[in-house]
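Below you'll find the structure, written out as structure tokens, and then a few comments.
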Amino acid sequence: MRNIHELIPASADFWQQAATTFLQELRSSDWAIVSPLDFSSVRVVVPTFEHAQLFLKALSQELHANFIPPRINTMFAWVEMLPPQEVPKVSASSERLMGLYAELRQHAWLKKLFTARRNTDLLPLAQTLLNLSDELTQALLPAVQSDKDGAMQRWHTALAQLPQPSQKILSEEAQLVWTIWQSQLDERDAIVHGHHQWMRIAQQAQEPLVWISPTAPNVMEKAFLDAYAKKKKLMTILLDWRSVSLPAIYATAWPNLLDEIHQGQQQFLLEPAAMSHIRLCEAASLEDEAQQGAQTIVDWLLAGRQSIAVIAQDRAVARRIRALLERAKVFVADETGWKLSTTRAAAAMAAWFEVVVTKADTMALIDLLKSPYLPIPASLDSAIDKSDLVMQIELSLRRANVLGGWDSMLSLLESKPDARQWIAILARQANQFSGRKKLSEWSKSTLQMLYELGIHTNLVVDAAGSQIINLLQALVEDCQHMAAPFSFSEWRAFVNLQFENAPYIHSRNDKRVFMLPLNGARLRRFDAVLLVGADAAHLPSQAQEVLFFTNAVRRECGLITREQRQQQQLRDFTELLLSNSEIVLSWQGQLQGEHNPVSPWLAQLDLALERSGQTRLGVHHPVLPVQTLSTLKVLQPAPAAAVLAPATLSSSAYSSLIACPYQFFARRMLKLDAIDELSDMPEKRDYGDWLHAILKTYHDRLAAEKVTDRLQLLSDISTERFAQILQHSPAALGYSVRWSKVIPLYVAWADQREADGWRFELGEEWREHSLSWDVNGQEESVMLRGRIDRIDINAKGERAVLDYKTKTLSSLNIRLKEGEDQQLPFYGLLANQDVVAASYVGLELERGKIGDAASQDFYHWTQSLENAIKDNMQAIRNGAALTAQGTESVCQYCEMRGLCRKGAW
């Protein structure tokens, strides 16, 4: 049969010319056309359905009449229309991947060869090997089917291109790739199956075929077309890359753009070319490039452009442009898609996996609880607000510094039944993710978890979430025959890889702005085009070599080489320039403080224009809208909030009021106090809490029973307490040793105090005491609250307040002398008893001793504090200004400094 080749230059009129060529050929030759307007006996294959619409539109414009169109399909759709055959089921990509991985993990030498520390490190290697295998199949399958020995010889010839030392080093890698490729060549391989289906179509050819493509056929396509041409007429329509069909300036600037047989054979007459539609936009930074790009698109839309393309060579800039446009209610139709792993739905799955693998790490659990996809259990009261319950759990875990562990959490939440029930449900589900299971079983377990926790309901109504559900359900079917067991860590790594490889394309009704890769613009025309990332790093994009597959090896194997890939990119770029009437190419002129050069392609084109005396490429600078803001002088904050006057007051709160009234306002009145931070290292405050509990137990035991060896008792209590602490926080060992040195000194000090007439009465007790005063005949009051470390009593019934401090005696004496805080007199008021003395007890060794620092004139100090509290509370209720006036020592670590803006006024 006659094989017709038609070449059409790249331009905005490509489809119109293709339609004209198609009609001329059908009218001049015997194509078995029944009627001049009935083309249903002809098959047309195009790359995508978008191209099918463009071809139909062009035919309609050429004919100016009603007609019966040819049967237009993509090859994928044509194969799907074939009647089924009794052939082995094609292996799913997930089954192939995990089947190969299961084999690779059996070989310890592979881990050594590829420096894999864990089995899961071999999973990306398995993916890489399968990709290489698929490339080899596409390049060598037709040759293998006709001459297997010849293909083997071709493989060895390719390896011979490597230097001799490299051949020895890489022999294991080469043998591995060859073995894996050979193992994939069966009827269950998707590419092999697809090739057989293509050849089945060719053998059963019943109508003439028109093949329209922007690229030359690859090996498998050529084999199909050759086979088809033997049965029926074949017409191929491709882009014309001969010098005679291109503007001379392009052929001069980019000699490798042309087909190899035409390169370097002639000099071109550089006639003036229309280049005014191409403009360059050099930006100062990523944000600047995004802002200029977004403004350019908005300007185009306002000018009436209805079809705008954003070529995303630099994905980071493209994402920022998309975000800026969505602020302006311009929604981008993204044809490139995002990785499914970047969606919120995938983040919810990742949060669950992290909770399981860390055995309920606190931060991982909080992240999961805050996920919008996880509802509170249906068994809980429906009136419970999820955000309140999550905050209740988070505050409890942070205050107790629980770093993780289901048992620890459940024990802590005993007093909060709703929170405990929710955590218990999560714990039961997490316990199911253990041991080794088949992939289908892991898929079922994950789906069951989603149903049990209520996540499934929220996922199915989300576009990305429903894709995840479909992916998990497909894995059950695809991997049901795989008997190899996998651990949870392997399942997690596999699912993460699936999410990473799966594209997520969100449907958009707004079709004015498209975001697509450079090759996605082939044979399409837009009203305007913005290409972002026109610098040397992104245009052309660079592909990394895989394993030992150097350019020389790829060339001998018939794989796409670096030069071929870049040539095709250049052709795509040239077609973009020739097919669109308005194009802006942007890039960042500065990157991390260094000059970032423009793409070498643009530099070559600009140089060719200059040498030929033509006008160089124009510059594009969109005018960004400017909004003038009036300056507002920042004043020292001095809020008044009588309605927020506190009804209760603690010692630390009052100290905050004295240190800085604004700090008191923000932390205590607005309740903006920072949430407790989790720490896997014990802090000094934890040490203090432990000693408080130990000493409380010690003195309670002394009061309840007769003890002959007090030193041994305190040592035993301390040992028991720190044994529990060290189970959860081994880093507390240093504090344990530190306290063990203080124990004898404390016992001696306590015994001496008892000999002086003071007896322990109570410790670690919460107290409340109301202070009241008269204001114009009306009583005002404030409730004092706090926990008193210790109260002693003597034979006269007099009492003394003691406060334990993990500080040295000398520092405590300085603290009392300078009146650094009001803690002791506050506790004196809180005790509301006949308190005649107060002391700080230093529990830190200093020169081999410890002791207590007693206050002077405690009665007058207490009365003075009582009057000050009344005056300050009344002043707040009267609307006094709470000025930000803390000293530098107070402000240095103040969490409210970002609110008061000290340093800006």
Side-chain angles (χ1 to χ4, degrees), residues 630-677 683-685 769-773 775 780-786 803 805 807 811-830 838 840 853 855-858 860-905:
S630 58
T631 58
L632 180 64
K633 185 177 181 180
V634 181
L635 302 175
Q636 182 179 11
V643 294
L644 298 178
T648 62
L649 194 66
S650 67
S651 172
S652 60
Y654 186 71
S655 296
S656 176
L657 174 62
I658 299 302
C660 176
Y662 184 84
Q663 183 191 82
F664 176 82
F665 164 75
R667 295 182 61 182
R668 309 294 174 166
M669 298 172 69
L670 295 181
K671 303 187 184 302
L672 298 178
D673 205 358
I675 196 169
D676 294 326
E677 292 291 337
E683 300 177 3
K684 197 169 184 181
R685 66 176 180 177
H769 175 60
S770 177
L771 285 184
S772 59
W773 61 94
V775 179
E780 297 280 350
S781 65
V782 64
M783 181 65 71
L784 306 184
R785 286 181 178 174
D803 193 60
K805 297 292 183 185
K807 296 181 180 297
S811 66
L812 294 174
N813 281 320
I814 295 173
R815 183 172 183 164
L816 285 174
K817 183 179 179 180
E818 296 180 350
E820 186 177 326
D821 60 33
Q822 306 292 322
Q823 195 169 3
L824 284 178
F826 190 94
Y827 287 161
L829 293 174
L830 198 60
Y840 287 123
S855 64
Q856 303 297 321
D857 199 4
F858 184 69
H860 289 97
W861 193 12
T862 305
Q863 292 302 310
S864 176
L865 177 63
E866 180 177 352
N867 294 332
I869 291 175
K870 293 176 180 179
D871 292 343
N872 286 323
M873 290 299 102
Q874 188 57 45
I876 292 175
R877 294 175 185 183
N878 289 339
L882 297 164
T883 310
Q885 58 186 32
T887 62
E888 186 56 34
S889 60
V890 172
C891 299
Q892 184 176 5
Y893 301 107
C894 180
E895 295 162 333
M896 302 300 123
R897 188 162 185 169
L899 293 178
C900 80
R901 304 294 299 276
K902 184 176 182 179
W905 40 265

Rounded distance [0.5 Å steps], OG in S652 versus CG in L657: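 Result: 11.5 Å between the selected atoms.
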Hey, could you give me the CG/CZ distance between L865 and F858, rounded to the nearest 0.5 Å?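 Going from CG on L865 over to CZ on F858, the span is 9.0 Å.
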Keeping the roles fixed (side chain from S855, backbone from A838), state whether a donor-acceptor pair exists under 3.5 Å.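 Yes: the side chain of S855 pairs with the backbone of A838.
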For the backbone of C900 and the side chain of W905, can you confirm whether one donor and one acceptor N or O come within less than 3.5 Å of each other?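 The answer is yes, because a donor-acceptor pair under 3.5 Å joins these two groups.
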When you check the side-chain N and O atoms of Q822 and W861, is any donor under 3.5 Å from an acceptor?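 There is such a pair between these side chains.
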Are a donor atom and an acceptor atom from the side chains of N867 and Q863 found within less than 3.5 Å of each other?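 No pair is found: no donor N or O on one side chain lies under 3.5 Å from an acceptor on the other.
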How far apart are the closest heavy atoms of [X] and [Y], and which atoms are they?
{"X": "H769", "Y": "L829", "result": "CD2-O, 3.2 Å"}
{"X": "E780", "Y": "R877", "result": "OE1-NH1, 2.9 Å"}
{"X": "C894", "Y": "Q663", "result": "SG-NE2, 3.2 Å"}
{"X": "C660", "Y": "G886", "result": "SG-N, 3.7 Å"}
{"X": "A853", "Y": "L816", "result": "O-CD1, 3.3 Å"}

What do you reckon, is NZ of K807 surrounded by more than 12 foreign heavy atoms closer than 6.0 Å?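 No, not enclosed.
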Does atom CD of Q856 have more than 12 heavy-atom neighbours from other groups under 6.0 Å away?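 Not buried by this count: 12 neighbours or fewer within 6.0 Å.
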Please lay out, stage by stage, how N872 and Y654 fare under the test side chain to side chain contact (heavy atoms under 4.5 Å, CB included). CA-CA 10 Å; N872 286 323; Y654 186 71; 3.1 Å; yes
Carefully, step by step, assess K671 and D673 under the rule salt bridge (Lys or Arg N to Asp or Glu O under 4.0 Å). CA-CA 6 Å; K671 303 187 184 302; D673 205 358; over 6 Å; no
